[in-house]
Amino acid sequence: MPEQKNNTGQHTVDDHMFGDFYAHEHDGDADHDHDDIDPGPLEDNPIWQRDNVSLTSVGIDIGSAGTQVIFSTIHLQRVGHSLASRYVIVDRKTAFESPVSFTPYADENRIDAGALGAIIDDAYAAAAIRPSDIDTGVVILTGEALRRDNAQAIADIVSAKGGDFVTATAGNHMEAMLAAYGSGAAKMSHDQEGRILNIDIGGGTTKLTLCENGKVVWTAALHVGGRLIATADGHVVRADPAGLHHARAAGVPLKVGDPASGSQMATVAAHMAGLVEQAVTQRPLPQAVAGLFLTEVPDDLDNLDGVVFSGGVGEYVGGRESRDFGDLGIHLGAALRERVLAGAFGTPMLPAAACIRATALGASEYSVQLSGQTSTITAPGRVLPRRSMQVLKPDIDMQDRPDAAAISAAIARHFVAFDLTPAENEVALMFDYTLPPDYAPIRALADGVADALAPRLAAGHPLYVMLDGDIAQTLGGILREELEIENDLLILDGISLRDFDFIDLGKIRLPSFTVPVTVKSLLFSEDPLGPRRHERIHFADPDAVPTPAHRHVGDHSHTHADGHTHSHGHDHGLGHGHGHSHGHSHSHGHGHGHGHHHSHDRSHADDAQGPGDANPDSGPVKEG
């Protein structure tokens, strides 16, 4: 009897009736066992591991003036409320920052591949990280570096060397978005529930990013940068076409080999500062400013609550840097600082969380999503990993509960709009699904997808579908069991994508059974004849001799014979810890040139290192 056991000093369950769970061991025939034994570190618990995923990420920023590498650890956690399987980023930690080195050029037309490789190899060695340790990451070429003849080859090589799942990307829009996240402008707009403009000025270009309530509303870029003209020993040793244009416009014509005084450089920089101010404050824009834009010209700049300066020149604007690197950076930063403190921008300057490192931080920490746990992946070894998959997001509102025929027709129209065919082009179809997981609408979606992609399925190709709603297993089950589709299927949920995205898919991660998805832009490898954002690599110099069409990919407007137009709205769920959603929406008119408006969540930077990037011998610019 229990009383007898207690009398003999036997430990029983009665000893714990008042919650006394002290550490102890059981001897003999105790009448209970304990589940409260120390299970070890929480991170070793299999249940915790399914709901929490840590990724090692790298951001490699090859800009007009500087190159740098940043390694980060990203902690993603499955959303606890509801039954959703979406993962959101709850923490980011910067593990290592390389020194900022000048981007090495072999000549006016080519990046020095050997010297660039040495910079990146040194960063991996100093961080004690191997390429095989990298789960995701981005190599981004921007600004003047992007104009070089071997830019794409360099990006592909660096991406391959950096790790199996490091993405090569390029373009002004992507850089502008990443810079806004890395500088903290996006988070500030969320915290303040306001409209913050990020101005990222690097060595070759200036990126503008409007952030509102945590979302990137639009991005743009113009050809103003701190290293468009560089000097050594009082003479011009480097002058990009845009730099020569600005010098002429400022009344200080310069060319390589000419003597150049500090006052002359300051005069050119003051002129450029005025152009940046006008780009933000004047509408309609003077033609001299409008012609500098490498993207569509933004028109939504009213009621700003603040402006943030990032990039290499941002170091000078914020008063963080005082060294002169023999370029326009120190002078441009001083001129802009004087103007913004005098109120010329009509809004206060807010402190940046990062300046010269903003783009690399954005590339390392804000470019990845993680699929949910309820995916359908029938043959992981065949369908994963994948690189550079184009995303198509048909104009379908599932809230209207469209039938299968309407869904199939919308998918078919979208393929035509992008000059693609289901039989020949591998794409990832993206659908927003916010309805309850009812059978009827999911079956209609399955029937519509199967019908629209029948030519592709008949040829034996895999089917790739991305969803934001938590229905991937149900959709996959219907396609496999009810429609008897025997093709390989990869259906991921918990993902937010949009038209004009390209994605890289990593391998399945265990034990969470999730798939890393890296979103990117492909300016230097897009089809010049295909629909895309209007974006150029360099501005059209009115004084320059005309060059043949398409000399540089992306440096043109174009017309589609069918004159179609389409508008796309999107939301990127990059799950930032401060709780805002990310998205962007573009409206493209394909006819004569393009205009687009987007509300992004991630972006991209071009020469986030600027003019005062950093002296290779003196280490990175201090960010305070």
>> Pair N198, S183 - check side chain to side chain donor-acceptor pair (under 3.5 Å), show working.
In response: CA-CA 8 Å; N198 194 72; S183 73; 2.7 Å; yes
[X] versus [Y]: any side-chain heavy-atom pair under 4.5 Å?
| X | Y | answer |
| --- | --- | --- |
| I199 | L208 | yes |
| M398 | F431 | no |
| F293 | L285 | yes |
| M272 | H331 | no |
| H245 | L292 | yes |
| C211 | M188 | no |
| D493 | Y433 | no |
| I129 | F96 | no |

> Below 4.0 angstrom, N of the basic side chain to O of the carboxylate: do D432 and K393 qualify?
Replying inline: yes
Kindly say whether [Y] contributes a backbone atom to a donor-acceptor pair with the side chain of [X] at under 3.5 angstrom?
| X | Y | result |
| --- | --- | --- |
| Y316 | R323 | yes |
| Q68 | I356 | yes |
| D397 | Q399 | yes |
| R357 | G182 | no |
| S72 | S57 | no |
| T103 | G66 | yes |

>> Please verify the inter-ring angle class for F325 with F102; under 30° counts as parallel, over 60° as perpendicular, anything in between as tilted.
In response: perpendicular
Give, for atom [atom1] of [X] and atom [atom2] of [Y], the distance between the pair rounded to the nearest 0.5 Å.
| X | Y | atom1 | atom2 | value |
| --- | --- | --- | --- | --- |
| L228 | L332 | CG | CG | 9.5 Å |
| T73 | K93 | OG1 | NZ | 8.0 Å |
| S101 | I62 | OG | CD1 | 11.5 Å |
| L210 | R195 | CG | CZ | 4.5 Å |
| L467 | L497 | CG | CG | 10.0 Å |
| I196 | T209 | CD1 | OG1 | 12.5 Å |

Can you see which heavy atom on [X] is nearest to which on [Y], and at what distance?
| X | Y | value |
| --- | --- | --- |
| L141 | A151 | CD2-O, 3.5 Å |
| R227 | D327 | NH1-OD2, 2.8 Å |
| A123 | F71 | O-CE1, 3.8 Å |
| G318 | R337 | C-NH1, 3.5 Å |
| A179 | T359 | CB-OG1, 3.8 Å |
| D468 | M430 | N-CE, 3.7 Å |

> Stepwise, does the side chain to side chain contact (heavy atoms under 4.5 Å, CB included) test hold for T281 with R339?
Replying inline: CA-CA 12 Å; T281 62; R339 288 171 182 264; over 6 Å; no
>> Assess the residue pair L275 and H246 against the criterion (side chain to side chain contact (heavy atoms under 4.5 Å, CB included)); give the C-alpha distance rounded to whole Å, side-chain angles, the decisive distance to 0.1 Å, and a yes or no.
In response: CA-CA 10 Å; L275 296 173; H246 291 309; 3.6 Å; yes
> Could you walk me through whether V69 and V58 pass the side chain to side chain contact (heavy atoms under 4.5 Å, CB included) check?
Replying inline: CA-CA 7 Å; V69 182; V58 62; 3.7 Å; yes
> Would you say Q192 has more than 12 foreign heavy atoms packed within less than 6.0 Å of its CD?
Replying inline: yes
> Applying the side-chain contact (heavy atoms from CB on, under 4.5 Å) test to V517, which of L370, L492, T136 qualifies?
Replying inline: L492
> Can you list the steps and then say if F309 with V340 is a side chain to side chain contact (heavy atoms under 4.5 Å, CB included)?
Replying inline: CA-CA 10 Å; F309 285 89; V340 72; 4.0 Å; yes
